[in-house]
Each structure stands twice: as C-alpha cells, then as structure tokens.
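Reviewing the structure listed below.
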There are 2 protein chains.
Amino acid sequence: MNRRSFLTSSSLVIGGLSLSSFVSAAYAAETSNPKQLFNAENPLLLNFNENSLGMSSNAKQAIIDALPHAFRYPDDARSALISALGEEFKLSDKHITLGNGSSETIQAAVQYVANKAQKAGKAAQLIVPDPTFNYAELYAEPLGVNIVKVPVDNTLAFDLTAMQKKAQAFDGISMVYLCNPNNPTAMLTPTAALTNWITSAKENVFFIIDEAYAEFVTTPEFTSAIALVAQGYKNLIVTRTFSKIYALAGLRVGYGVAVPEVISEVDSFVSIDNTNTAGAVSALASLKDHAFVAYSRKSIDVSRQMVVDTLNALNIEYAPSHANFIFHKVKGDVKTYQERMKAANIMVGREFPPALGWSRLTLGTPEEMSYFVATLKEFRTKGWI
Amino acid sequence: MNRRSFLTSSSLVIGGLSLSSFVSAAYAAETSNPKQLFNAENPLLLNFNENSLGMSSNAKQAIIDALPHAFRYPDDARSALISALGEEFKLSDKHITLGNGSSETIQAAVQYVANKAQKAGKAAQLIVPDPTFNYAELYAEPLGVNIVKVPVDNTLAFDLTAMQKKAQAFDGISMVYLCNPNNPTAMLTPTAALTNWITSAKENVFFIIDEAYAEFVTTPEFTSAIALVAQGYKNLIVTRTFSKIYALAGLRVGYGVAVPEVISEVDSFVSIDNTNTAGAVSALASLKDHAFVAYSRKSIDVSRQMVVDTLNALNIEYAPSHANFIFHKVKGDVKTYQERMKAANIMVGREFPPALGWSRLTLGTPEEMSYFVATLKEFRTKGWI
C-alpha cells in the first residue's frame with residue numbers, strides 16, 4: 001500500500017485521526033515518498049528520529065534555486081534565516097545563534113561555560129539526567145568537565161530536585177543540560193517545575209535547554225523555555241533544530257535562542273560561516289511552509305496513535321510520547337530485540353542505559369508504522385515481545 | 001561580451017594562455033554564468049576569494065539527486081567523501097577529518113592544542129605571520145591563548161627564522177599557523193624551508209598548515225605538507241577546502257589531513273555530523289570532476305595573466321601570485337581605493353595591516369577581470385592609481 005492509497009483507506013483512520021481529513025490528497029501525494037519495499041539492503045530506518053516524510057517541496061526548490069549562487073559564502077542566506085527566526089519568536093536577530101545542527105549550538109554552549117569557569121579559575125561540571133541525549137557529555141568530556149549523571153525517577157521523569165541539589169552543592173560553575181521533550185523517553189518535563197528552577201537558580205548555574213522536539217508537542221501544558229529568554233533571563237540558552245519536524249537532518253541547521261549578551265559569547269565558539277547555503281535557504285523555506293509543518297505534525301500524531309494502540313493491545317508498557325518517537329519496553333534484552341527487528345528489515349533505536357529493557361522507536365510515516373506494527377504483532381505470536 | 005564570445009575572441013588570448021584552446025566551447029558554455037551587468041545592486045564581487053565560475057554541473061546534479069534522502073543524517077555521504085579523500089592522497093580514512101569548511105578544522109586544531117596545553121598545566125601560544133588569514137587567531141583568542149604576530153619580511157615573505165625563535169623561546173606549547181600560499185599575499189613559502197622547520201621542531205610545537213589555495217599552485221617547486229603526514233610526522237595538520245578551486249564556499253566543506261592519532265584528537269573538537277549532505281555529495285562529485293578542476297585552474301591562470309599584464313603596463317607593484325587572488329599596491333590609502341572601486345561597481349578585498357597600501361584582489365572569471373582591468377586603466381587616467 002503506498003501513501004496515497006493509505007490516505008484514502010478508511011481502515012487506517014485511527015483514533016479519530018486521519019491525514020486525509022486534514023490535508024488534500026494532492027498535497028499528501030506531493031510530499032509522499034514512492035512506495036518502499038523493505039529488505040536487508042533497504043531496511044526501514046526507525047533508529048535516528050529522522051522524519052521519513054522527507055523535506056517539503058518548497059525546501060527542495062529553495063535549494064535548487066540557490067545552487068547558481070552557492071559558490072559564494074553563505075552570509076546572505078544565514079542573515080535571512082537569523083532574521084526570520086528572530087521574528088518567529090518576536091525577538092531580535094541578536095537573540096539567535098545559528099548552528100551546524102543544534103549539536104554545534106550545544107557544543108558551543110558547553111565550551112562557553114567551560115571557558116568561563118576556566119577564566120574564573122573555577123571548576124566546571126555538567127549535570128545531566130540519565131538517560132538523555134549524550135552530545136553535551138561528548139563535548140564536555142574532552143574539556144575535562146566533570147559529568148554528573150542523575151538517574152530519572154521510577155516514572156522515567158527527570159529528578160529535578162536531585163539535580164538541583166547537585167548544582168547547589170557545587171562551588172564552581174554548573175551547566176545543566178535538559179532535553180524537553182527528553183530523548184529517548186519523549187516525555188515532557190512540567191513547565192512550572194523547569195521555570196521554577198531556572199528563575200530561582202544562582203548565578204553559577206547555566207541551563208542548556210534542548211528543545212529539538214518541541215514542534216511536535218501539542219499539549220497546552222508545555223511552554224517553550226524561549227519565554228524565559230524573552231523575559232530577559234541570562235542563565236539559559238534554548239537549542240532547536242531543523243532536523244526533526246522540518247526533515248532537514250542532512251542539511252545541518254540548528255539554532256540557539258538566548259539573550260544577546262549570551263549569544264555573542266556563545267558565537268565566539270561556533271565555526272565562522274557555520275550554516276551552509278543549502279541548509280539556510282531550505283530552513284527558511286521550511287519555516288514559512290506552515291502547511292508542511294502541520295502535515296508533518298499530523299502525520300506523527302497518526303503514526304503515534306497506531307503504535308500506541310498496538311502497544312496497548314499487546315499490553316506493552318510505554319512512556320507518554322510528545323515527540324516523533326516512543327520509548328517502549330521489550331521482553332528480554334534490547335540487543336536481541338534489535339537483532340530480530342533487523343532480521344525483519346527494521347532498524348530500531350538503541351538501548352539507553354540505565355533504562356534497560358526499553359527501546360526507542362522512531363515514528364516514521366503511517367505507512368511505515370503499519371509495517372512496523374504488523375511485525376511487532378508477529379513478534380508476539382512468536383513470544384518474542 | 002559574454003563568456004562564450006570571450007573564449008572565441010583572439011584579442012583575449014593572453015601570454016600564451018587561452019581557455020578556448022584548453023576546453024571545448026561546449027564545456028565552457030556549460031559552466032559559464034549568463035552575461036552579468038554590474039551595478040550598485042549587483043556589483044562585481046572580487047573581495048572574498050570565491051570562485052566566480054560557480055560549482056561544476058556535476059556537483060549541482062549530485063545535490064539535486066541527494067535531496068530525496070537529505071532528511072536523513074549525513075553519515076553515508078560523509079563516509080563516502082572521507083574515503084575518497086583518503087584515496088586521493090593515498091592515505092587512509094583515519095588520516096582525514098571533515099570540517100564545516102576548513103575553518104572548522106582550523107578551529108578544532110586550535111582547540112586541540114589549547115586543550116592539550118591546559119591538561120599539561122602549560123601555557124599555549126599561537127604564532128602567526130602578519131599579515132595572514134586571521135581565523136586561527138579568532139578561535140584562539142576566546143580560549144585565552146597568547147597570540148604572537150611575526151611580521152613578514154620586506155619581500156612580503158614569511159620570516160620563518162623569527163617565528164622559529166619565538167617557538168624555541170617558549171616553555172609551553174606553541175601552535176604555528178602557516179597559510180601556504182598565504183592569504184592575502186598569494187605567495188608561496190619555499191617547501192624546503194617549511195619542511196626543515198616541521199621535521200626539526202621540538203615536541204612542544206604543532207603546525208597548522210592551511211593549504212586552502214594549494215590546488216591553484218602550478219609550480220613544481222611546491223610540495224604539499226601532506227607529504228609530511230604521509231611520512232608519519234605527528235606535529236602537523238594540513239587543512240584544505242572545497243570553497244576555492246571547487247567553488248563550493250556556500251556548501252561549507254573542508255578537511256584536515258594528519259596522522260590518525262592527531263585526527264582522532266582533533267575530531268573530538270568538531271561538531272558531530274559536521275558536514276552536510278549537500279556539501280558532502282557535491283564535494284565528492286567535484287573531487288572526481290577533473291575536467292572542472294582543470295578548467296577552474298586554467299580560468300584563474302588566464303585571469304591572473306590579464307591582471308599581471310595590466311599591473312605591469314601601469315607599473316603597479318604586486319606580489320607573485322600562486323592562488324586565485326593577487327596582492328597589489330594602490331596609490332594612496334586602500335580605503336579610498338575601495339570606495340572608488342565600489343563606485344565603479346567592483347568590490348575589492350580589504351586592507352591587511354601591517355601591509356598598508358596593498359589591496360587583495362580576487363581573480364574572477366576572465367570576463368569579470370576584463371571589466372576590472374578596464375576600470376583600473378580608467379583609474380590611472382584619473383590619477384587614482
């Protein structure tokens with residue numbers, strides 16, 4: 001079944017969600033990939049939280065249009081994107097730093113804090129929840145920053161109280177990395193609790209709030225930490241990416257939002273001309289393509305509901321997902337589960353210790369997830385899950 | 001006069017160089033830009049050492065072909081490029097680090113040395129010739145690295161002896177940044193002198209050899225410092241870029257070549273997934289497009305000869321150019337010269353103190369340079385140069 005037939009198939013209108021009721025079939029056809037047959041050489045990739053819809057056609061066209069000029073340095077395209085992002089959040093250009101993916105912004109923020117500590121003759125530590133996305137740690141480690149891992153609680157939620165204590169007990173400068181929604185759990189941290197800590201923290205604590213998946217969040221309970229930047233708080237940077245909802249992972253565009261004095265410090269740790277022309281023009285086109293964003297979000301909602309329904313039917317435990325992936329339990333060890341999925345031509349996410357026995361599953365297109373769901377059901381008949 | 005008519009015009013066969021005798025008119029037409037009319041809104045940009053030919057059509061096509069897959073992270077495209085570069089230099093994949101432009105490789109190399117010094121409890125200094133490309137300095141400065149500038153001699157050549165003395169007198173770890181050919185002078189440093197220093201330097205000296213313009217060098221007197229990497233020297237990294245001869249400045253692809261143990265250290269200071277898919281595939285296509293590279297080199301040779309002939313005719317002093325730019329004297333101050341050129345719709349390079357009274361001129365296409373040359377001659381009639 002290809003996407004077009006999927007969209008018109010009433011059997012796949014799940015839980016009140018339907019892509020066909022939301023976007024025109026023509027638009028769906030435009031953004032759909034050709035029918036995919038999964039095999040060992042071309043497996044279904046549900047392991048890196050990419051967006052299987054592929055980038056919007058506007059983004060593709062923007063890149064093609066830019067090619068005759070891409071022999072020049074990317075300054076103009078970068079400036080246009082920075083301005084658009086400033087406007088998007090009702091902030092100024094000076095509140096935005098572009099990155100080569102949000103990973104570079106995380107890297108530069110870590111270097112900024114480590115450097116600040118070094119210049120002040122103080123120690124630096126990085127406090128992270130465990131499990132979480134590990135890039136802040138990967139960048140901190142070679143700088144000799146001590147890494148403090150605070151396990152999530154028994155509901156997989158961040159233990160903010162324990163993290164806060166670690167910061168308070170430290171004489172040097174702490175950086176706190178918080179991914180919201182968290183990777184790999186896809187869970188939200190309550191806005192009030194996060195806001196409370198950031199607004200009450202001492203001067204020797206700096207927050208890196210990774211909102212790579214924020215665009216997928218639909219609950220009104222969530223407020224982006226960018227609101228705190230708008231209020232003038234100087235002790236945080238919020239990082240975002242075009243890799244996820246905008247489907248531009250390969251083009252490497254991310255950004256950070258902070259007050260101008262933080263941005264100018266962080267900017268001295270990013271590479272000069274760090275965002276490429278193709279990435280900058282496609283990000284700008286994607287930002288303006290509200291129909292694509294809505295479609296992308298809706299597609300994930302449909303895919304998530306398909307998976308949730310199946311996990312419920314199979315009585316498999318999962319964390320409440322607010323992103324384009326879902327963290328669920330597997331029977332037995334994750335390695336074996338991954339290998340069996342691979343044999344069925346599906347690559348699923350790795351294990352994230354200390355959350356042993358859990359698998360991170362990227363939500364692909366509804367068509368892809370119907371293939372996954374069928375495979376998971378087959379696994380149950382074999383007693384594998 | 002457009003490029004096609006230029007190529008068939010016998011009046012522009014200069015100094016024995018002719019593009020038409022080298023490449024077919026069809027190929028020239030394929031890579032040529034449409035006729036450009038320069039005005040205030042669309043000036044002739046000869047200020048950033050970009051390659052006005054634009055990227056090769058193979059590179060453009062490679063990007064277009066990659067767009068359906070560019071929603072995925074760039075790992076595969078990066079690996080393919082790394083392997084191709086390893087093969088290009090008869091080295092291994094482990095000898096190559098990719099960068100977001102060579103600027104990121106320079107940045108990571110500076111951070112690697114600064115970090116090494118810090119961990120050893122030693123001071124770090126950066127020794128640079130003056131004038132030179134300033135990115136190493138820009139990255140070193142926020143890290144608190146002391147910057148030691150050694151003026152070029154009265155022939156504009158690097159004063160290697162003075163630089164060497166600065167390194168020898170220093171108790172901590174020195175990094176030495178050497179751009180060859182140098183930016184802004186386009187001059188070569190003799191291979192023997194450079195090799196001598198690198199192979200005889202003590203362990204506390206690390207060399208960053210920037211060969212951004214090496215592909216333009218035609219003299220057999222030049223040997224890339226990559227030869228020293230091949231011989232196993234551990235005290236250097238050679239940085240290169242696809243921004244210049246390959247005309248991919250906007251796509252942000254550069255790389256470093258060093259022994260594997262240096263590469264693995266430098267790699268911990270680059271952003272993860274740092275080269276974008278569009279950049280990686282277009283760089284790979286460009287690397288294989290030998291006809292484009294030859295055409296690009298030849299085009300610069302023709303443009304350089306046009307400018308050299310004019311400078312000679314006007315009795316204007318210039319440095320011997322081995323790159324896609326030429327450093328020449330102007331009468332009076334450079335700022336005034338730049339403003340007058342701007343009024344004539346030409347943007348020329350900035351002044352590089354301490355080389356006062358010199359202007360860095362990017363060599364564009366022969367068509368562009370004929371416009372520049374005509375303007376320069378007009379300036380002479382006005383007594384401005």
Side-chain angles (χ1 to χ4, degrees), chain A residues 33-34 45 48 50-55 59-60 63-64 66-75 77 99-101 103-108 111-112 115 118-119 135 138-139 141-144 243 246-253 265 268-280 282, chain B residues 33-34 45 48 50-55 59-60 63-64 66-75 77 99-101 103-108 111-112 115 118-119 135 138-139 141-144 243 246-253 265 268-280 282:
Chain A
N33 294 319
L45 301 175
F48 294 128
E50 295 153 337
N51 185 336
S52 296
L53 288 177
M55 72 178 83
K60 283 181 192 161
I63 292 175
I64 293 167
L67 293 180
H69 316 287
F71 69 93
R72 300 226 174 264
Y73 284 100
D75 305 60
N100 184 10
S103 63
E104 190 191 19
T105 307
I106 294 168
Q107 177 187 33
Q111 290 177 330
Y112 152 63
N115 187 256
Q118 195 199 326
K119 281 187 174 161
Y135 279 13
L138 290 177
Y139 294 127
E141 197 277 329
L143 299 173
S243 295
Y246 298 107
L248 297 179
L251 276 306
R252 316 303 305 127
V253 192
E265 296 273 356
S268 60
F269 293 96
V270 302
S271 287
I272 291 156
D273 290 320
N274 63 353
T275 308
N276 71 91
T277 300
S282 58
Chain B
N33 294 319
L45 302 175
F48 295 128
E50 294 153 339
N51 185 337
S52 297
L53 287 178
M55 73 180 82
K60 284 181 191 159
I63 292 175
I64 293 167
L67 292 180
H69 315 287
F71 68 92
R72 301 226 174 264
Y73 283 100
D75 306 60
N100 184 12
S103 63
E104 190 190 21
T105 306
I106 295 168
Q107 177 186 34
Q111 289 177 330
Y112 152 63
N115 187 258
Q118 194 198 327
K119 282 188 173 160
Y135 279 12
L138 290 177
Y139 295 127
E141 198 277 330
L143 299 174
S243 294
Y246 298 108
L248 297 179
L251 276 306
R252 314 303 305 126
V253 192
E265 296 273 355
S268 60
F269 293 95
V270 301
S271 287
I272 291 156
D273 290 319
N274 64 352
T275 309
N276 72 91
T277 300
S282 57

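Everything numeric here is computed off the predicted structure, so don't read it as measured data. A note on names: the letters A, B, ... follow the listed sequences, proteins ahead of strands, and every chain is numbered from 1.
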Side chain, backbone, both or neither: which part of B:Ile106 has an atom under 4.5 Å from a heavy atom of chain A?
neither
Main chain of B:Tyr139, side chain of B:Gln111: is a donor-acceptor contact present, judged purely on distance under 3.5 Å?
no
Which atoms of B:Val270 approach chain A - backbone, side chain, both or neither, heavy atom under 4.5 Å
backbone
Identify the two heavy atoms, one from B:Gln107 and one from A:Ser271, that lie closest to each other, and give their separation to 0.1 Å.
OE1-OG, 2.6 Å
If you count heavy-atom pairs under 4.5 Å between each of A:Asn100, A:Leu67, A:Ile272, A:Leu138 and chain B, which one has the most?
A:Ile272
Best-contacting candidate, B:Ala247, B:Ala108, B:Ser243, against chain A by heavy atom pairs under 4.5 angstrom:
B:Ala247
Honestly, the part of A:Thr275 sitting under 4.5 Å from a heavy atom of chain B is backbone
Counting only heavy atoms closer than 4.5 Å, note whether B:Glu104 contacts chain A via side chain, backbone, both or neither.
both
Chain B interface, residue from A:Ala278, A:Ser103, A:Pro142, A:Gly279 that has the most non-hydrogen pairs under 4.5 Å:
A:Pro142
Quick check on A:Glu265 against chain B: is it the side chain, the backbone, both or neither that has a heavy atom closer than 4.5 Å?
neither
Please look at B:Asn274 and chain A and tell me whether the side chain, the backbone, both or neither of the residue comes under 4.5 angstrom of a heavy atom of that chain.
both
Smallest heavy-atom separation, A:Val253 atom then A:Ala280 atom, equals CG2-N, 4.2 Å
If you look at every heavy atom in B:Leu251 and B:Ser282, which pair is closest and at what distance?
CG-OG, 3.9 Å
Is any side-chain heavy atom of A:Arg72 less than 4.5 Å from a side-chain heavy atom of B:Ser52?
yes
Do you know which two heavy atoms are closest between A:Glu50 and A:Ala249, and how far apart they sit?
CG-CB, 4.5 Å
Side chain, backbone, both or neither of A:Ile63 within contact of chain B (heavy atoms, under 4.5 Å)
side chain
Leading residue by heavy atom contact count with chain B [cutoff under 4.5 Å; candidates A:Tyr112, A:Phe48, A:Tyr135]
A:Tyr135
Leading residue by heavy atom contact count with chain A [cutoff under 4.5 Å; candidates B:Phe269, B:Tyr73, B:Tyr246]
B:Tyr73
Flag the pair A:Pro74 / A:Asn276 as yes when at least one side-chain heavy-atom distance between them is below 4.5 Å, and no otherwise.
no
Search all heavy atoms of B:Met55 against all heavy atoms of A:Ala70 and return the closest pair with its distance.
CE-CB, 3.5 Å
